[in-house]
Amino acid sequence: MYCPNCGKELVELSPNFCSSCGKRIQDIGVGGTPQPSTSAIPPCPTRAFSTFREYQQKKNEERQKYSLGRKRLKHNGKIKVRINVGLMVIQKGGLRPLRGKTVSLTTDPDISSTTLLSQAVKKMKDFNKDVKDGPFLLLYPDGTEVINIPGTQRPFTLGAYKAEVGKPYQRITVFICLKRDFEEVGNLSDLSDSDPEIVFKKKPEFDVADTLPWEPLDESSPLQQVAETENYTNLFEPIVIDSEDDVEDLTQDKEKDLSTEEPVETNVQAHEIIAHLALAIDHKKISRFNICRSDVWDGAVRGFQRSTYSDNNDMFIRFNDDAGCFEEGLDTGGPRREFLTLLTSHLRNRPIFDGPSENRYLVYNSRAAREDEYFLAGKMIAVSIVHGGPAPHFLSKNLVNHMIGNPSFSATVEDVKDEEIGKVLQQVLEAESEESLQNVILQNSTMFQTAGCLRSVKACEKQAFVEDYLRWYIIDRNHGAIQRFKDGLASLGFLPALQQHSRVLSPVLCFSAKALTASDLETMFRPDLSPAGSNRRQKESKTLDFWADYLLDSEEKMTAVSLEDLLLFATGLAALPPAGIIPPPRLEFLSDSPFPVANTCANTLKLPFLESYRVFKANMDFGIQNAPGFGCY
């Protein structure tokens, strides 16, 4: 068989293309005449290639796409990277890496600074038991705090930092440092910068490795000459390197700027910090909770202790009514907010807490310790705040200060609920003479000896003596319970964020005297109004007047429900959450029901059209009081 185009002899009997010219010869016979086509064979649905080279090019493109697809599949998989974590301490008036305290950390490349700090502190404490407790900060090698990518306003992620610095992950080193050390060095830097005078020092207060100390050209004593000789010897003393790890530390030491800046308080707000923590929640995965309102605690414990539960999963709450039937409807936020509200309210009265209702502190309970209730309580508070629920607002300031590393402590005898102990402490404070004071202390020596504060006390020292006992009673004796509570509070990175932004997040946990006002709710709920001039718009305006008066009456205790009950009815929250209410609350109007209707998932309150305020007020009270749960009523 020969090619009809170029005359090349073909080895195969019926080839599709010529191996010499590449022309298609499938439909051409040996003599160059077309072969008759059979109608019984259906035409090929794919496009026919005019030349062999087009067919070859198409195959090459398919092979390239297949190879690229495999590479993309490899890169899209979750990978782990390894970096180095060191410890910075105060040395020679500045923050410097501590030798022998560098550990390796395996983590995700898209990790944020808050989560990386939590993992770094845990790894450092696991391998170095001598590391002190306290709030830590995450620092770059130059001693600045890790918040944004250097030189930009982009939030820190490990992958973005690696791309900017141009090093492989194995060569990246970040450091942790005690917050108090960081602030102390910053204060020293501020003092030196605020004094513009030139002062001649007998001993250099700066690093001699950076510059030579200069002395004025005046007569010096023999002792001064000896000191100068020692400075010269220390300056040129050979540096001994123990291992290869120290080489990297010394290199980073040279690159670090000695003038560390004091941490600047930014204008970051609580809802912004919580929104950043909430990015860790995977809304495609859920953890289910089956709750009965008559026993919220039991259902919550079962849900949190379930093996499939994860802090990073979204929460799906399903309530049972009194008859035991499941309420219908999908949980899109309302049931979750109501559940967290009921749980936080119940948590306040658990036996693990003691003290006044608005100033609760942890107290050891053997049964709660066996059931790990302290860890569970801390986890519940962290999950509630990050998932958009209410904050506790009942923890003692002394307890919160202790957890964030603040030594401030201020307690009174009223904080002790034990009547016998409170009576003894009151007798100490009311002792009129040193003799009567010593008698009270000796009569209760066992009590004070247990606290480790039994000693001879003068009349002017009785207040400090009582404060020592109160510190032991509230903090020291409950150290194990507090530590376990902190472990639970670290869920979703809340505890590191609390320690890093203590001024912003501490008020979230402590009691606040500010209550809801009618103005708050009137501003919060934005009405959806009809076009101006319409008949329905006139009814809506009249109903809005009723609504404003009803809020004022609720604030003045002139209605059967409070402002907190009204907010709970509409949103599932009895107080404003630190994360903010999402979506924003709305007001709508209805003409087919004389009672209010709420949709807590959409944070929508529907008000009825009524002719008089007296009927409006009575129907609002009745509708809200007869709505024990969430949803449409």
Side-chain angles (χ1 to χ4, degrees), residues 291-296 317 319 321-322 327 333-349 357-358 384 388-394 511-527 543-578 580-590 593-608 610 613-633:
I291 304 298
C292 181
R293 291 187 181 90
S294 61
D295 195 353
V296 175
I317 310 300
F319 282 100
D321 59 10
D322 295 337
E327 291 179 348
R336 180 178 69 249
R337 288 192 291 268
E338 186 193 1
F339 162 67
L340 294 175
T341 298
L342 297 175
L343 179 61
T344 305
S345 177
H346 182 85
L347 190 61
R348 179 198 301 260
N349 300 318
S357 60
E358 298 170 351
S384 177
H393 287 301
F394 60 77
F511 171 73
S512 175
K514 183 180 179 181
L516 280 176
T517 63
S519 178
D520 292 338
L521 291 187
E522 189 174 3
T523 305
M524 186 188 312
F525 285 87
R526 309 301 297 176
T543 304
L544 285 179
D545 291 339
F546 292 166
W547 164 252
D549 287 341
Y550 184 78
L551 292 178
L552 291 174
D553 287 346
S554 298
E555 183 178 5
E556 296 171 1
K557 312 298 182 184
M558 300 296 293
T559 59
V561 298
S562 63
L563 293 176
E564 289 76 13
D565 295 334
L566 181 57
L567 183 63
L568 180 64
F569 173 77
T571 65
L573 293 164
L576 298 180
I581 302 180
I582 300 174
R586 306 291 299 178
L587 274 182
E588 295 182 1
F589 304 90
L590 48 87
S593 174
F595 301 104
V597 174
N599 185 345
T600 59
C601 291
N603 294 327
T604 302
L605 176 62
K606 298 180 181 181
L607 302 177
L610 298 172
Y613 175 70
R614 181 182 60 82
V615 178
F616 180 87
K617 178 180 178 180
N619 288 5
M620 289 289 290
D621 288 345
F622 180 84
I624 296 174
Q625 284 183 310
N626 289 274
F630 73 94
C632 299
Y633 304 100

Engineer: I'd like to know if the side chain of E358 reaches the main chain of F511, judged simply by a donor and an acceptor atom lying under 3.5 Å from each other, with no hydrogens or angles considered.
Structural biologist: no
Engineer: Identify the heavy atoms of Q625 and A560 that sit nearest to each other, and give their distance.
Structural biologist: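 Smallest heavy-atom distance, with atoms named: NE2-CB, 3.5 Å.
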Engineer: Closest heavy-atom contact between L516 and A574?
Structural biologist: CD1-O, 4.1 Å
Engineer: For the side chain of D520 and the backbone of T517, is there at least one donor-acceptor N/O pair under 3.5 Å apart?
Structural biologist: yes
Engineer: At what distance, to the nearest 0.5 angstrom, does CZ of F595 lie from CG of N619?
Structural biologist: 4.5 Å
Engineer: Under 3.5 Å, side chain of T604 to main-chain N/O of R586, donor-acceptor pair present?
Structural biologist: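 Judged by distance alone, no pair lies under 3.5 Å.
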Engineer: Mind listing the closest non-hydrogen atom pair of T523 and R526 along with its distance?
Structural biologist: O-CD, 3.4 Å
Engineer: Would you confirm whether D553, through its side chain, and T559, through its main-chain N or O, come within 3.5 Å as a donor-acceptor pair?
Structural biologist: no
Engineer: Specify the closest pair of heavy atoms between A570 and A598, including all atoms of both residues, with the distance to one decimal.
Structural biologist: CA-CB, 4.0 Å
Engineer: Grab the two heavy atoms, one from F394 and one from T344, that are nearest each other, plus how far apart they are.
Structural biologist: CE2-O, 4.0 Å
Engineer: How about K617: does its NZ atom have over 12 heavy atoms from other parts shown lying under 6.0 Å from it?
Structural biologist: yes
Engineer: Under the rule for ring-ring contact (aromatic ring centres under 6.0 Å, His included), what residues qualify as partners of F616, not counting sequence neighbours?
Structural biologist: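 Scan of F616 (ring-ring contact (aromatic ring centres under 6.0 Å, His included), adjacent residues dropped) gives F546.
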Engineer: Closer than 3.5 angstrom, by distance alone: can the side chain of R337 be matched with the main-chain N or O of G388 as a donor-acceptor pair?
Structural biologist: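 No.
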Engineer: Rounded to the nearest 0.5 Å, how far does OG1 of T571 lie from CG of N599?
Structural biologist: 11.5 Å
Engineer: Is the F525 ring parallel, tilted or perpendicular to the W547 ring (thresholds 30°, 60°)?
Structural biologist: perpendicular
Engineer: Of the options I581, T600, N603, L568, which is the one that meets L573 in a side chain to side chain contact (heavy atoms under 4.5 Å, CB included)?
Structural biologist: I581
Engineer: Let me confirm one number: the CG-CG distance from L340 to L347, rounded to the nearest 0.5 Å.
Structural biologist: 11.5 Å
Engineer: Could you give the distance from CG (L343) to CZ (R336), rounded to the nearest 0.5 Å?
Structural biologist: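 Between L343 CG and R336 CZ, I get 13.5 Å after rounding to 0.5 Å.
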Engineer: Could you report the tightest heavy-atom contact between P583 and C601, atom names first, then the distance?
Structural biologist: CD-O, 4.0 Å
Engineer: When rounded to the nearest 0.5 angstrom, what distance separates CG in L605 from CE in M620?
Structural biologist: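 Answer for the CG-CE pair, L605 versus M620, is 5.5 Å.
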